[in-house]
Amino acid sequence: MIRAILMVEGGQVGQTVSNRNGSVDIGPMQINSIWLPEIERRGGSFRLIRDHSCANIHFGTWLLSREITRFDVTGLDRQTFWRAVGNYHSRTPELNSRYAERVWNAWRRLGQ
């Protein structure tokens with residue numbers, strides 16, 4: 001799943017991409033800067049997630065797992081799982097479903 005998200009995000013070490021809302025997406029997993037306060041509370045920093053791929057993937061994976069565990073994982077069905085994956089990008093329904101579909105397609109390509 002993480003490899004699929006990395007494919008979809010297409011970020012690079014050292015990269016930041018500006019968003020229309022004034023935030024930036026950072027590094028390989030394109031972690032949105034809105035999460036920096038949470039990341040900093042856990043020992044991370046903007047420079048760390050921008051410049052170190054392992055740290056970026058660590059915190060990106062942590063953010064994804066938070067979205068998945070927002071739901072009752074004992075009864076997690078396919079639809080809810082993919083909604084959680086889409087939440088990594090956006091909770092706006094149409095953006096969420098488009099993103100989840102892109103990740104699903106990347107995940108399928110990785111399995112071939």
Side-chain angles (χ1 to χ4, degrees):
M1 183 59 53
I2 300 307
R3 286 179 56 206
I5 289 174
L6 285 163
M7 285 176 60
V8 169
E9 292 296 342
Q12 302 293 319
V13 171
Q15 179 186 43
T16 59
V17 177
S18 297
N19 296 310
R20 286 181 258 160
N21 67 0
S23 67
V24 294
D25 293 334
I26 308 161
M29 289 192 72
Q30 292 290 278
I31 297 170
N32 191 279
S33 59
I34 197 168
W35 294 110
L36 283 174
E38 290 278 340
I39 289 168
E40 289 168 352
R41 280 193 286 279
R42 286 159 178 75
S45 69
F46 173 83
R47 289 183 62 192
L48 182 68
I49 64 172
R50 182 192 64 196
D51 298 336
H52 298 280
S53 60
C54 289
N56 184 276
I57 292 167
H58 166 80
F59 283 107
T61 301
W62 171 71
L63 289 167
L64 175 64
S65 72
R66 280 183 46 156
E67 291 304 322
I68 292 170
T69 58
R70 283 182 60 233
F71 301 98
D72 175 14
V73 294
T74 59
L76 193 66
D77 61 16
R78 187 180 323 197
Q79 181 179 358
T80 305
F81 173 79
W82 285 106
R83 187 168 73 229
V85 170
N87 282 348
Y88 181 82
H89 176 71
S90 175
R91 290 191 179 140
T92 302
E94 59 213 33
L95 299 174
N96 177 297
S97 61
R98 270 190 261 150
Y99 183 81
E101 184 175 351
R102 289 177 62 207
V103 173
W104 161 252
N105 288 329
W107 184 68
R108 286 183 43 219
R109 283 192 304 274
L110 285 168
Q112 294 179 357

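Note that these values count all heavy atoms, side chains included, but never hydrogens, waters or copies made by symmetry.
- The nearest pair of heavy atoms linking Gly10 to Gln15 is O-OE1, 4.0 Å.
- The minimum heavy-atom distance linking Arg83 with Asn96 is given by the pair O-ND2, 3.0 Å.
- Taking 4.5 Å as the limit, every side-chain heavy atom of Ile57 sits out of range of all side-chain heavy atoms of Trp62.
- Under the ring pair (Phe, Tyr, Trp, His ring centres under 6.0 Å) criterion, Trp104 pairs with Trp82, Trp107, sequence neighbours left out.
- For CD of Glu40, the number of neighbouring non-hydrogen atoms (other residues, nucleotides, ligands) closer than 6.0 Å is greater than 12.
- Put simply, the side chain of Arg109 reaches to within 4.5 Å of the side chain of Met7, judged on heavy atoms.
- Between Arg50 and Asn56 the shortest side-chain heavy-atom distance does not fall below 4.5 Å.
- Judged by distance alone, the side chain of Asn21 and the main-chain N or O of Ser23 form a donor-acceptor pair under 3.5 Å.
- Taken together through direct or relayed side-chain contacts under 4.5 Å among Ile, Leu, Val, Met, Phe, Trp and Tyr, Ile49 and Val17 form parts of separate hydrophobic clusters.
- Formation of a donor-acceptor pair under 3.5 Å by the Ser45 side chain with backbone atoms of Leu48 is found in this model.
- Residues Phe81 and Met1 form a side-chain contact, since some pair of their non-hydrogen atoms from C-beta on lies under 4.5 Å apart.
- Rounded to the nearest 0.5 angstrom, Ser53 OG and Met29 CE are separated by 12.0 Å.
- Residue-environment remark: CZ (Arg42) exceeds the threshold of 12 foreign heavy atoms within 6.0 Å.
- Residue pairs meeting the salt bridge (charged side-chain N to carboxylate O under 4.0 Å, His left out) criterion with at least one member in residues 60-76, sequence neighbours excluded, are Glu38-Arg66, Glu67-Arg70, Glu67-Arg91.
- Under a 3.5 Å cut-off, the side chain of Ser33 and the backbone N or O of Val24 do form a donor-acceptor pair.
- The main-chain N or O of Asp25 is never found under 3.5 Å from a side-chain atom of Asn32 such that the two would form a donor-acceptor pair.
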- Quick one: do Phe46 and Ile39 satisfy side chain to side chain contact (heavy atoms under 4.5 Å, CB included)? Show the steps, please. CA-CA 9 Å; Phe46 173 83; Ile39 289 168; over 6 Å; no
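- Both Ile2 and Phe59 belong to a common hydrophobic cluster when Ile, Leu, Val, Met, Phe, Trp and Tyr are linked at side-chain heavy-atom distances under 4.5 angstrom.
- Side chain of Asp77 to main chain of Thr80: a donor-acceptor pair is present (N/O by atom type, distance under 3.5 Å, no hydrogens or angles).
- Contact between Leu64 and Ala84 at its shortest, heavy atoms only, is CD1-O, 4.3 Å.
- With a 4.5 Å cut-off on side-chain heavy atoms, Val8 and Asn105 do not count as touching.
- By the 4.5 Å heavy-atom criterion applied to side chains, Arg47 and His52 are not counted as neighbours.
- Counting heavy atoms of neighbouring residues, nucleotides and ligands inside a 6.0 Å radius, atom CD1 of Ile34 does not exceed 12 of them.
- Trp35 and Leu6 fall within a single hydrophobic cluster, where Ile, Leu, Val, Met, Phe, Trp and Tyr side chains are chained together by heavy-atom contacts under 4.5 Å.
- Both Ile68 and Ile5 belong to a single network of hydrophobic side chains, linked directly or stepwise wherever heavy atoms of I, L, V, M, F, W or Y lie under 4.5 Å apart.
- Proximity of a side-chain donor or acceptor of Thr92 to a complementary backbone N or O of Glu94 within less than 3.5 Å is not detected.
- Residues passing the ring pair (Phe, Tyr, Trp, His ring centres under 6.0 Å) test with His89 are Tyr99, sequence neighbours excluded.
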